[in-house]
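Numbering starts at 1 and runs along the sequence shown.
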Amino acid sequence: MRAIEDTGIRAREADPADEEPARGLPRNWLLLLVGAAVLPGTALVLVGRSLDEPAVQAWRTVCLAVTVQAMPFLLLGTALSGAINAFVPARVFNRLLPKRPALAVPVAGAAGVVLPGCECASVPVANSLIGRGVTPAAAFAFLLSAPAVNPIVLTATAIAFPGSPEMVLARLLASLVTASVMGWLWLWLGRAEWLKPAVRHTGHRPGHSRWTEFRRGFQHDFLHAGGFLVVGAMAAATFNVAVPRSVVDAFADSPWLSVLFLAVLAIVLAVCSEADAFVAASLSGFSPVARLTFMVVGPMVDLKLFALQAGTFGRAFAVRFSAATAVVAVVCSVLVGGVLL
């Protein structure tokens with residue numbers, strides 16, 4: 001813990017003008033993202049003449065529906081996330097958390113309910129909290145819960161599943177339980193040598209305009225999250241149109257295979273949490289429990305989050321933490337979904 005606190009001191013003493021905050025993914029990932037977004041649509045256009053016209057129209061309808069429905073929530077979520085990063089000091093979280101780590105974990109997890117943020121923002125915020133002396137277990141609980149149970153995500157889930165308040169409640173409970181369990185597991189099994197926090201800066205930097213930081217943070221998060229939304233929407237549309245019904249039925253008809261299939265799909269698609277409910281709602285052939293698993297696993301474990309965690313905390317941490325989180329999230333989704341759905 002002393003080493004972690006020293007890291008935070010060095011971060012505060014550094015000249016903020018020396019470097020820009022390291023946020024988001026490497027530029028190479030942007031090229032891969034653009035390719036992933038463009039190639040499926042291009043392929044469908046090129047082979048469109050060989051496909052039935054209704055299939056092409058169905059693909060466009062699903063893709064546009066998912067994107068248009070999710071975009072307002074994505075816009076609002078990234079704006080609020082940028083405002084928190086620019087105007088709310090990270091020390092506020094430290095003052096509100098109990099001193100005992102075991103009690104700080106569920107409190108930090110519950111804080112995600114009232115503090116909107118996307119996955120990309122939660123990683124640097126968690127790193128900043130650790131640098132300011134917050135126990136890593138509590139910071140990790142917040143990292144997992146904030147993008148999964150904030151008001152924007154819960155509202156989007158309610159609209160994506162109209163007339164199903166039990167789905168919103170199930171997502172809230174399963175996500176909170178997962179975040180708390182992972183925080184307690186870190187207290188029990190976590191090792192300091194796995195955690196290698198990089199020197200990152202979040203929040204306001206002296207000498208910089210808060211509104212400028214808000215604008216830059218909002219622009220960065222929205223462009224990144226919007227790109228992943230497009231990828232998710234196109235992938236969902238392609239999945240609905242191109243995958244044979246027999247293959248879907250092979251997974252959808254099996255309670256366990258459907259859960260595992262959508263858990264893996266959530267990890268691969270890496271859809272922003274403000275939009276994943278609309279993608280899950282479009283997968284109507286799967287059971288409610290399987291779709292709940294998709295929404296619980298996605299904001300906590302996906303490819304972009306793994307890259308962010310590995311770059312911030314180290315690969316040793318990211319491998320262990322992501323694998324454990326995926327297992328706990330699936331188990332909690334099945335248990336909570338089996339009772340409420």
Side-chain angles (χ1 to χ4, degrees), residues 23-25 70-71 73-85 88 90 93 105 108-129 138-158 160 168 170-183 202 217-218 220-229 231-232 263 266-267 269-280 292-309 312-313 318 321-322 325-326 328-329 332-333:
R23 303 180 59 192
L25 299 173
M71 191 60 68
F73 296 97
L74 183 64
L75 180 65
L76 180 57
T78 51
L80 290 176
S81 176
I84 290 173
N85 182 65
V88 180
F93 300 102
V105 166
V113 176
V114 294
L115 295 174
C118 68
E119 300 95 312
C120 296
S122 65
V123 174
V125 170
N127 183 49
S128 178
L129 294 177
F140 296 149
F142 177 80
L143 182 153
L144 295 177
S145 69
V149 300
N150 68 66
I152 306 302
V153 170
L154 296 180
T155 302
T157 304
V168 181
R171 179 173 193 175
L172 172 64
L173 294 179
S175 299
L176 286 178
V177 172
T178 301
S180 297
V181 169
M182 286 304 303
T202 57
F218 166 71
H220 176 277
D221 290 344
F222 181 75
L223 290 176
H224 277 69
F228 284 110
L229 168 61
V231 171
I267 295 173
L269 291 186
V271 183
C272 185
S273 60
E274 284 93 348
D276 62 357
F278 298 98
V279 177
L292 171 65
T293 303
F294 179 88
M295 293 186 292
V296 174
V297 172
M300 298 185 178
V301 187
D302 62 34
L303 294 180
K304 71 177 185 295
L305 275 177
F306 180 84
L308 287 168
Q309 291 176 6
T312 303
F313 301 114
F321 192 76
S322 296
T325 301
V328 173
C332 291
S333 299

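- Applying the ring-ring contact (aromatic ring centres under 6.0 Å, His included) criterion to F294, with sequence neighbours excluded, gives no partner residue.
- Nearest heavy atom pair, residue Q309 against residue M300, reads NE2-O, 4.4 Å.
- Taken to the nearest 0.5 Å, the CG atom of N150 stands 6.0 Å off from the CD atom of E274.
- Of all non-hydrogen atoms in V297 and A329, the two that sit nearest each other are CG2-CB, 3.8 Å.
- Taking every heavy atom of both residues into account, D302 and A266 meet most closely at CB-O, 3.8 Å.
- Closest non-hydrogen pair, G298 versus L305, comes out as O-CD1, 4.3 Å.
- Nearest heavy-atom pair across P147 and V153 is O-CG2, 3.4 Å.
- With sequence neighbours left out, A110 forms a side-chain contact (heavy atoms from CB on, under 4.5 Å) with no residue at all.
- For the residue pair F278 and A160, the shortest heavy atom distance occurs at CD2-CB, 3.8 Å.
- Tested against V301 for a side-chain contact (heavy atoms from CB on, under 4.5 Å), the candidates V296, L144, I267 yield a single pass: I267.
- Note: L172 CG to T157 OG1 = 10.0 Å, rounded to the nearest 0.5 Å.
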Identify each donor-acceptor pair in which a side-chain atom of residues 173-180 lies under 3.5 Å from a protein atom, sequence neighbours left out, and give them as a table.
residue: S175; atom: OG; partner: R171; partner atom: O; Å: 2.8
residue: T178; atom: OG1; partner: A174; partner atom: O; Å: 2.7
residue: S180; atom: OG; partner: L176; partner atom: O; Å: 3.1

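- Relative orientation of the F313 and F140 rings is perpendicular, given thresholds of 30° and 60° on the angle between their planes.
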